[in-house]
Amino acid sequence: MTIALQIDSVSHQYGQRTALDNVNIGLVEGQFNALLGPNGAGKSTLFALLTRLYRVQQGEIRLGDDSINRNPRALLARLGVVFQQSTLDLDLTVMQNLEYHGALHGLSTREIRRRAAAELEWLGLADRTKDKVRSLNGGHRRRVEIARALLHRPDILLLDEASAGLDVASRQAINKAVRQLCEERGLTVLWATHLLEEISLDDPVVILHRGRVLAQGIGRDVCQQSDETSLDALFDRLTSAKEVTA
Ligand SMILES: Nc1ncnc2c1ncn2[C@@H]1O[C@H](COP(=O)(O)OP(=O)(O)OP(=O)(O)O)[C@@H](O)[C@H]1O
């Protein structure tokens with residue numbers, strides 16, 4: 001098992017509030033890695049550190065032997081990101097949104113259009129390229145964000161609550177498409193969610209709660225080690241536990 005990205009002893013404070021407390025997470029290469037956590041667990045803070053929105057205050061994030069602190073530009077080029085809040089421009093067309101992103105990555109317009117057409121086709125949006133994003137439903141907007149995140153050919157894809165707010169059918173379609181990226185293209189995925197039905201017992205799983213990693217490993221093994229029959233039961237037990245006070 002190869003680790004594509006290692007989060008090593010990372011802590012983060014917002015003033016007096018501890019959002020992440022000595023977090024160690026390894027993303028398994030080519031796999032759909034699930035980051036499970038209820039609201040306030042620290043998932044978005046972790047994404048902000050991974051994408052350098054925030055400086056790493058304590059600890060280290062490494063891709064292979066390279067630290068994101070030492071070599072941020074090269075490492076960021078290897079990451080594709082879908083943030084929790086949509087960052088599409090609603091008044092631009094689907095293709096214009098992708099062109100803007102591709103240009104930021106130094107791709108030629110011709111190359112962007114070629115890649116965008118292929119990704120949008122694969123995601124079932126070939127006929128929407130000239131439509132304004134505003135006219136798309138929530139599920140389709142998410143697909144555009146995935147196409148955009150893939151444009152510069154990252155080998156790691158980070159998705160923060162990518163299916164939140166969508167109907168069941170759209171959630172399932174997006175989850176399936178992202179899993180396909182692991183199986184067919186060998187992408188390493190980090191999928192943050194609080195929805196247990198999106199996770200399989202075969203997935204590498206991290207349970208984060210109040211800034212701490214409470215369980216980590218293949219879902220089935222983590223359940224067995226904790227004497228639980230399902231991830232739902234384990235998640236409920238771990239995240240509803242009252243804080244132990246000294
Ligand atoms: N800018 C901020 N200033 C102060 N506290 C913050 C800030 N952003 C997050 N927090 C706090 O840090 C903790 C972790 O928040 P974070 O948003 O990372 O969790 P999350 O798992 O992404 O939750 P959600 O799914 O609700 O976004 C929470 O207690 C939150 O209130």
Side-chain angles (χ1 to χ4, degrees), residues 5-28 32-62 68-69 72 76 79-88 138-139 141-142 145-146 149 156-168 170-172 174-175 178 188-199 203-217 219 222 231-246:
L5 184 150
Q6 180 68 43
I7 296 159
D8 204 358
S9 310
V10 165
S11 297
H12 191 85
Q13 299 276 140
Y14 294 105
Q16 295 298 309
R17 186 188 295 262
T18 302
L20 295 173
D21 185 4
N22 196 29
V23 166
N24 292 285
I25 297 173
L27 299 191
V28 185
F32 183 97
N33 295 265
L35 176 62
L36 293 168
N39 289 339
K43 304 183 298 293
S44 296
T45 303
L46 199 57
F47 272 68
L49 294 175
L50 288 167
T51 52
R52 300 270 303 171
L53 258 108
Y54 298 146
R55 181 180 62 80
V56 178
Q57 296 171 345
Q58 205 180 321
E60 200 177 29
I61 296 171
R62 288 193 309 274
I68 209 163
N69 285 347
L76 278 177
L79 300 182
V81 189
V82 176
F83 288 106
Q84 191 170 6
Q85 302 293 337
S86 172
T87 54
L88 294 170
R141 290 183 192 183
R142 277 307 197 192
E145 292 197 284
I146 293 171
I156 299 177
L157 185 61
L158 312 173
L159 303 105
D160 190 2
E161 305 266 4
S163 59
L166 303 180
D167 58 49
V168 177
S170 303
R171 281 213 312 266
Q172 286 173 347
I174 285 181
N175 189 283
V178 171
T188 303
V189 164
L190 178 62
W191 175 275
T193 188
H194 62 276
L195 300 170
L196 277 293
E197 70 263 26
E198 296 181 339
I199 308 309
D203 294 329
V205 167
V206 174
I207 298 180
L208 187 70
H209 183 46
R210 294 184 182 140
R212 291 189 186 158
V213 173
L214 300 187
Q216 183 165 193
V222 168
L231 276 172
D232 287 61
L234 178 63
F235 185 77
D236 280 352
R237 172 151 71 80
L238 292 178
T239 59
S240 63
K242 296 216 165 26
E243 254 175 68
V244 180
T245 46

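Indexing begins at 1, ligand by ligand and atom by atom, following the structure's order.
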query: Could a heavy atom of His194 be found less than 4.0 Å from some atom of ligand 1?
result: no
query: Can you list the ligand 1 atoms lying under 4.0 Å from a non-hydrogen atom of Pro38?
result: 21 (O)
message: List ligand 1 atoms under 4.0 Å from Ala41, heavy atoms only on the residue side.
response: 19 (O), 20 (P), 21 (O)
task: Would you mind checking which non-hydrogen protein atom is closest to atom 6 (C) of ligand 1, with the distance to 0.1 Å?
output: Tyr14 CD1, 3.3 Å
message: Suppose I only count heavy atoms of Arg17 and a 4.0 Å limit; which atoms of ligand 1 are within that range?
response: 5 (N), 11 (C), 12 (O), 29 (O), 31 (O)
query: What is the minimum heavy-atom distance between Ala192 and Asp160, and which atoms define it?
result: CB-OD1, 3.8 Å
query: So is Gly42 in contact with ligand 1, going by heavy-atom distances below 4.0 Å?
result: yes
message: Quick check: closest heavy atoms across Gly26 and Asn33, and the distance to 0.1 Å?
response: O-OD1, 4.2 Å
statement: For Arg52 and Ile68, the nearest pair of non-hydrogen atoms, with its separation, is NH1-O, 3.7 Å
Glu145 side chain vs Ser86 backbone, donor-acceptor pair below 3.5 Å: no
field: Ring geometry between Tyr14 and Tyr54 (parallel below 30°, tilted from 30 to 60°, perpendicular above 60°)
entry: perpendicular
- prompt: Between the side chain of Ser9 and the main-chain N/O of Gly59, is any donor-acceptor distance below 3.5 Å?
  reply: no
Atom indices of ligand 1, in the order listed, that fall short of 4.0 Å to a heavy atom of Ser44: 17 (O), 18 (O), 20 (P), 22 (O), 27 (O)
- line: Closest to atom 15 (O) of ligand 1 among protein heavy atoms sits Thr45 OG1, 3.9 Å
- prompt: Any side-chain heavy atom of Ser163 within less than 4.5 Å of one from Arg142?
  reply: no
- request: Could you tell me whether some N/O pair between Gly40 and ligand 1 is separated by less than 3.5 angstrom?
  value: yes
